[in-house]
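Let me begin by presenting the structure, written as structure tokens, before commenting on it.
Values below: every heavy atom of this structure, side chains too, minus hydrogens, waters and symmetry copies. Residue numbering restarts at 1 for every chain, and letters A, B, ... go by the order of the sequence lines.
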There are 2 protein chains.
Amino acid sequence: MDRRQQKTRKSIFNAFILLLSQKNYNKITVQEIIDEANVGRSTFYEHFETKDDLLKALCEELFGHILSSAMDCTHTHGLYSNGSAPESVFCHLLQHLQENDNNILALLSCESSDIFLRYFKDSLSQLIKTQFITQNSHINKNLPEDFLINHISGSFVEMVLWWTKGQMKHTPEELDCYFRAVTEPIL
Amino acid sequence: MDRRQQKTRKSIFNAFILLLSQKNYNKITVQEIIDEANVGRSTFYEHFETKDDLLKALCEELFGHILSSAMDCTHTHGLYSNGSAPESVFCHLLQHLQENDNNILALLSCESSDIFLRYFKDSLSQLIKTQFITQNSHINKNLPEDFLINHISGSFVEMVLWWTKGQMKHTPEELDCYFRAVTEPIL
DNA sequence: TTCATTACAGAACAAATTGTTCACTTTCAT
DNA sequence: ATGAAAGTGAACAATTTGTTCTGTAATGAA
């Protein structure tokens, strides 16, 4: 990819993230994005078809990394590692979020964070689903599998939302502990 | 309130709900709303300042009823009634939703359902909070109270989302049973 | 370094949307 | 019946969107 393209793409992403931290997604105009990114109007539309397209591209870029990283972790350890805490996939995810690559925390705590958490949850559900199939520890409960998957992934993103909205006054390790406390008893 | 106002307001609400079942909130224009509602442009703006204002008014109208009804239920029975199922506030809420007053189910299963569930969750959190204060059954756990409240309300709306997205192939009683299975063990 | 390719800038453009205003008509409550 | 309140419909400026164009500058390969 041309260096110019990389630079432009990154400028637009950064401008977009900055604006998202200031106002609602719906209220952001393409004009504001290109002003902040300092790129021409036609340039924007050569990179992205619409504002929604930009949003989608941003989500894919950000959560692609995180989820694939988590996927590796899951392969070696399972969803929860048997026994002690630190290798939990969920803890791994939380730590990864706290590292704040690409300013992802700005997105998860902004006014439109729902959009990103929804995207995150969908990816997370798929991850958990594959894990459930190999694990089967839940069969003895008479709860529908897709209900359980939805509950786990949903609870996780709701926790992340609570975490970020409250200025993140907890460590990933504490959160992981809380999450285990409310999910392990039901598996 | 004048009959004309009632009629106009209801027309706009219905048109809005219909459109929400067809396309994303962001993509709906005021022009489409007034065409569908068959009211004049100036009339719309006499009732609502903006589209966002309409959304807020709709939420207040719909969830106002449901939540106040649940509030009464909570006062007499507590969050979960001691012992047997049918008086559970959550079951009551689900039954209320299934009655589909004002076509609320169309909103909870539409593309923009997040918006409504978010509003619903905020109201629900307040309800649960007051209940927790009087109940205190969770003090022995070392989980932050606001984390627990967020977890309960969050799990509930995620369940409702799962329910509606899956064409509601479950009864409120079944859902209540599932919900108890994943929340009672942690209280 | 040269040079063809590719990306960007910037302006202009039509179309759509928003929110306001105003003169007019209809409906309501008494 | 009549004044008051509500709705109509058209017109309006101001934004916003997405496209198209010409000219300029950066890139990467030979």
Side-chain angles (χ1 to χ4, degrees), chain A residues 1-61 102 107 110-112 114-116 119, chain B residues 1-61 102 107 110-112 114-116 119:
Chain A
M1 196 186 210
D2 200 311
R3 294 179 211 161
R4 289 171 293 178
Q5 285 192 59
Q6 295 176 38
K7 193 180 147 203
T8 299
R9 190 178 162 90
K10 194 146 200 87
S11 292
I12 293 175
F13 277 158
N14 285 337
F16 190 40
I17 292 171
L18 179 67
L19 287 167
L20 278 165
S21 73
Q22 295 169 349
K23 59 203 302 191
N24 193 283
Y25 171 75
N26 306 324
K27 306 299 177 197
I28 297 173
T29 67
V30 174
Q31 192 62 49
E32 287 173 316
I33 297 172
I34 64 181
D35 285 346
E36 181 64 40
N38 200 28
V39 299
R41 182 165 198 75
S42 54
T43 304
F44 176 89
Y45 283 107
E46 269 168 20
H47 279 260
F48 307 102
E49 290 182 11
T50 62
K51 203 178 65 172
D52 285 348
D53 188 40
L54 166 61
L55 177 66
K56 193 182 165 202
L58 181 59
C59 283
E60 284 172 359
E61 188 136 322
N102 302 105
L107 298 177
C110 78
E111 212 179 328
S112 308
D114 280 356
I115 303 174
F116 301 98
Y119 192 96
Chain B
M1 197 185 211
D2 200 310
R3 295 179 210 159
R4 290 170 292 179
Q5 284 191 61
Q6 294 177 37
K7 192 180 148 205
T8 298
R9 190 178 162 90
K10 194 144 201 90
S11 292
I12 294 175
F13 277 157
N14 286 338
F16 190 40
I17 292 172
L18 179 67
L19 288 166
L20 278 164
S21 73
Q22 296 170 349
K23 59 203 301 192
N24 192 284
Y25 171 76
N26 305 326
K27 306 300 178 197
I28 296 172
T29 67
V30 174
Q31 192 61 49
E32 289 173 315
I33 296 172
I34 64 181
D35 284 347
E36 181 63 41
N38 200 27
V39 299
R41 183 166 198 75
S42 52
T43 304
F44 176 90
Y45 283 106
E46 270 168 19
H47 280 259
F48 307 101
E49 289 182 12
T50 62
K51 203 178 65 172
D52 285 349
D53 189 40
L54 166 60
L55 177 66
K56 194 182 161 202
L58 180 60
C59 283
E60 284 173 358
E61 188 135 322
N102 303 106
L107 298 177
C110 78
E111 212 179 329
S112 310
D114 280 356
I115 304 174
F116 301 98
Y119 193 95

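A distance of 7.5 Å separates OG1 in B:Thr43 from CD1 in B:Ile12, rounded to the nearest 0.5 Å. Between the CD atom in A:Gln22 and the CD1 atom in A:Ile17 there is a gap of 12.5 Å [rounded to 0.5 Å]. Of the inter-residue distances, the one linking A:Leu18 atom CG with A:Glu36 atom CD reads 5.0 Å to the nearest 0.5 angstrom. Atom OH of B:Tyr45 and atom OG1 of B:Thr50 lie 8.0 Å apart (nearest 0.5 Å).
A:Ile33 places its CD1 atom 18 Å from the P atom of D:dT15, with the value rounded to the nearest Å. The CG atom of A:Asn26 sits 16 Å away from the P atom of C:dT17 (whole-angstrom rounding). One atom, CD of B:Gln31, and another, P of D:dA10, lie 11 Å apart when rounded to the nearest Å. For the pair B:Ile34 CD1 and C:dT20 P, the interatomic distance rounds to 14 Å; values are reported in whole Å. In this structure, B:Lys51 atom NZ and D:dT16 atom P are separated by 15 Å, rounded to whole Å. Spacing between atom CZ of A:Phe44 and atom P of D:dT20 amounts to 17 Å, rounded to whole angstrom units. The distance between atom CD of B:Glu46 and atom P of D:dT8, rounded to the nearest whole Å, is 10 Å. If you take CD of B:Glu49 and P of C:dG19, they are 10 Å apart, rounded to a whole angstrom.
Applying the side chain to side chain contact (heavy atoms under 4.5 Å, CB included) criterion to A:Ser112, with sequence neighbours excluded, gives A:Leu20, A:Asn24, A:Tyr25, A:Cys110, A:Ile115. Partners of B:Phe13 under the ring pair (Phe, Tyr, Trp, His ring centres under 6.0 Å) rule, at least two apart in sequence or in another chain, are B:Phe48.
Within the 4.0 Å cut-off from OP1 or OP2 of D:dT19, not a single side-chain nitrogen or oxygen of A:Tyr45 is found. For B:His47, no side-chain nitrogen or oxygen approaches OP1 or OP2 of D:dA6 to under 4.0 Å.
Between A:Val30 and A:Arg41 the shortest side-chain heavy-atom distance falls below 4.5 Å.
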Protein-nucleotides 26-30 of chain D N/O pairs closer than 3.5 Å?
{"from": "D:dA26", "atom 1": "N3", "to": "A:Arg4", "atom 2": "NH1", "distance (Å)": "3.1"}
{"from": "D:dG28", "atom 1": "OP2", "to": "A:Arg3", "atom 2": "NE", "distance (Å)": "3.1"}
{"from": "D:dG28", "atom 1": "OP2", "to": "A:Arg3", "atom 2": "NH2", "distance (Å)": "2.8"}

Nucleotide N/O to protein N/O under 3.5 Å, stretch nucleotides 1-3 of chain C:
none

Heavy-atom protein contacts under 4.0 Å, nucleotides 10-16 of chain C, coded B base, S sugar-phosphate only, - none: B------

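A salt bridge does not link A:Lys27 with A:Glu32: every distance from a Lys NZ or Arg NE/NH1/NH2 to an Asp or Glu carboxylate oxygen is 4.0 Å or more. For A:Arg9 and A:Glu61, the salt-bridge test passes: some basic side-chain N is under 4.0 Å from an acidic carboxylate O.
Within the 3.5 Å criterion, the main-chain N or O of B:Arg4 finds a donor-acceptor partner in the side chain of B:Thr8. With hydrogens and angles disregarded, a donor-acceptor distance shorter than 3.5 Å links the side chain of A:Ser11 to the backbone of A:Lys7.
Applying the 6.0 Å contact sphere to NZ of B:Lys56 captures no more than 12 heavy atoms from other residues, nucleotides or ligands.
Of the candidates D:dA5, D:dT17, C:dC8, the closest approach to any side-chain atom of B:Gln5 belongs to D:dA5.
Comparing the helix axis at one end of the helix from C:dT1-D:dA30 to C:dT30-D:dA1 with that at the other, each defined from 5 consecutive pairs, gives an inter-axis angle of 40° (nearest 10°).
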Stepwise side-chain contact (heavy atoms from CB on, under 4.5 Å) check, A:Leu58 with A:Phe116: CA-CA 10 Å; A:Leu58 181 59; A:Phe116 301 98; 4.2 Å; yes

Stepwise side chain to side chain donor-acceptor pair (under 3.5 Å) test for B:Gln6 and B:Asp2: CA-CA 6 Å; B:Gln6 294 177 37; B:Asp2 200 310; over 6 Å; no

